[in-house]
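Just so you know, these numbers come straight off a predicted model, no measurement behind them. Each ligand, and each atom within it, is numbered from 1 in the order the structure gives. This chain uses plain numbering: 1 for the first residue, then up along the sequence.
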Amino acid sequence: MRYYNAYKYFLVEKFGEPVLKIPLNGGFSCPNIDGSKGFGGCTYCDNEAFSPVALSTDDVLQQLERGIARAHYRFKKFIAYFQPFSNTYAPVQRLKELYEPVLQRSDVVGLALGTRPDCFEEETFHYMQDLASRTFLSVELGMQTIHNHTLEHINRQHTADECYSVLSRLYPMGIENVVHVVLGLPGESKDDMMATADKIAELPVHGIKIHQLMVIEKTVMAYQYRKGDVPTLELDAYAELLSEFIMRLRPDQYVHRLMAECREDSGLIAPLWSMNKRHSINLIHNYFAQTRLRQGSKCKSQFRML
Ligand code: SF4
């Protein structure tokens with residue numbers, strides 16, 4: 001039984017077979033790190049811990065070829081996934097230099113771009129529209145929460161409205177809108193997190209990547225955690241929140257990720273169940289089975305995608 005709408009089913013339906021996303025580092029920065037918006041980034045941010053390619057300085061085509069070579073026994077189609085930092089944070093000419101060569105490969109069936117809502121110029125939207133007319137384009141926006149007080153607390157340096165605005169611009173272009181959210185952000189109650197789920201169900205959002213809050217060494221949050229200011233979630237509490245969150249999403253929305261993964265040698269401090277993804281996912285799935293989770297069963301939204 002399918003308890004929720006996993007993204008892998010969407011990919012098989014769309015492309016006729018499983019498709020693998022290959023993470024790539026395009027050498028971007030982030031306006032919340034380089035001083036345009038702020039220094040130091042979001043309080044929990046450590047791209048090296050979050051992305052396997054964060055340290056790669058190789059040409060993106062080389063990275064892509066390596067990723068495909070590792071997976072070609074199991075996959076024949078790939079999505080080039082520009083993952084770490086903010087992958088629309090550059091002039092359009094630079095975006096073209098990075099994106100266009102990977103699209104020349106016949107086995108690359110699409111492009112996925114992880115970014116922030118404040119990294120879109122008017123020209124960027126025009127280029128996104130052009131790309132979407134030629135390939136499958138998925139834009140992953142870091143939303144994290146709909147609550148501006150939390151966004152301020154974690155130093156995101158953008159508002160929830162900026163996120164809604166980008167989603168509404170990309171949606172009519174036929175671009176897949178994906179939002180990243182974090183459960184367990186400091187100061188957020190269960191009701192706050194469920195309000196985020198309810199709002200996402202009302203937005204032109206195709207997919208959601210859900211993460212537990214992780215505390216990583218050398219971040220502001222590590223300092224706050226050691227002072228006792230940031231609690232993290234036990235796995236059973238996370239499974240319960242996750243289940244409630246998914247019940248509030250629309251049945252047509254796809255769940256791209258149920259949890260994040262990180263290792264202790266990459267700086268993970270807490271929660272330690274983040275290290276053993278297979279085991280944790282099994283426990284989460286068991287919880288879904290026991291509670292007979294059904295995505296959308298608590299959805300209040302009337303929104304219908306075109
Ligand atoms: S927006 Fe992303 S890359 Fe930039 S500081 Fe925040 S978490 Fe890090």
Side-chain angles (χ1 to χ4, degrees), residues 21 23-57 60 63 81-90 94-95 98 112-121 124 138-167 170 177-188 196 205 207-225 230 232 256-257 259-262 266-270 274:
K21 286 170 83 172
L24 302 173
N25 185 341
F28 292 92
S29 182
C30 170
N32 199 16
I33 293 176
D34 71 4
S36 315
K37 271 292 188 67
F39 290 105
C42 310
T43 55
Y44 54 85
C45 173
D46 180 349
N47 275 280
E48 287 178 30
F50 297 156
S51 168
V53 294
L55 293 177
S56 181
T57 52
V60 288
Q63 297 177 48
Y81 178 26
F82 286 81
Q83 186 187 37
F85 298 97
S86 302
N87 293 280
T88 55
Y89 184 45
R94 181 65 187 142
L95 302 184
L98 290 162
L113 309 171
T115 191
R116 291 167 50 96
D118 53 3
C119 291
F120 290 84
E121 306 289 340
T124 322
S138 177
V139 173
E140 299 189 6
L141 275 187
M143 171 188 265
Q144 321 309 358
T145 171
I146 60 159
H147 303 288
N148 286 332
H149 57 91
T150 310
L151 291 171
E152 207 172 308
H153 186 59
I154 60 175
N155 194 38
R156 281 290 297 184
Q157 301 282 347
H158 66 74
T159 62
D161 277 346
E162 287 174 86
C163 204
Y164 307 153
S165 162
V166 171
L167 293 169
L170 298 178
N177 274 335
V178 180
V179 292
H180 288 212
V181 294
V182 179
L183 301 185
L185 285 168
E188 290 216 337
T196 295
V205 166
I208 303 97
K209 275 191 174 173
I210 312 169
H211 311 83
Q212 73 282 16
L213 179 71
M214 295 192 300
V215 182
I216 311 290
E217 285 289 4
K218 297 183 196 152
T219 60
V220 172
M221 195 163 279
Y223 171 75
Q224 295 168 336
Y225 175 80
V230 177
T232 54
H256 289 229
R257 185 178 283 164
M259 62 168 278
E261 185 179 23
C262 189
S266 296
L268 177 73
I269 299 174
S274 313

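- Listed for the Thr196 side chain is a donor-acceptor partner under 3.5 Å among the backbone atoms of Ile146.
- Protein atoms of type N, O or S found under 2.8 Å from atom 8 (Fe) of ligand 1 total 1.
- Here the heavy atom of the protein found nearest to atom 2 (Fe) of ligand 1 is Arg156 NH1, 4.2 Å.
- Note on ring orientation: taking the six-membered ring where Trp is involved, the planes of His180 and His211 are tilted (angle from 30° to 60°).
- Remark: Lys21 engages Glu140 in a salt bridge, criterion side-chain N to carboxylate O under 4.0 Å.
- Between the side chain of Asn87 and the backbone N or O of Phe28, no donor-acceptor pair lies under 3.5 Å.
- Atoms of ligand 1 found under 4.0 Å from any heavy atom of Arg116, numbered from 1 in the order shown, are 1 (S).
- In plain terms, the two heavy atoms of Tyr225 and Ala270 that are nearest each other are OH-CB, 3.4 Å.
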CA sep, side-chain torsions, deciding dist, call: Gln224, Thr43, side chain to side chain donor-acceptor pair (under 3.5 Å) | CA-CA 9 Å; Gln224 295 168 336; Thr43 55; 4.6 Å; no
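- Using a 3.5 Å distance cut-off with no hydrogens or angles, the side chains of Ser36 and Asp34 do pair a donor with an acceptor.
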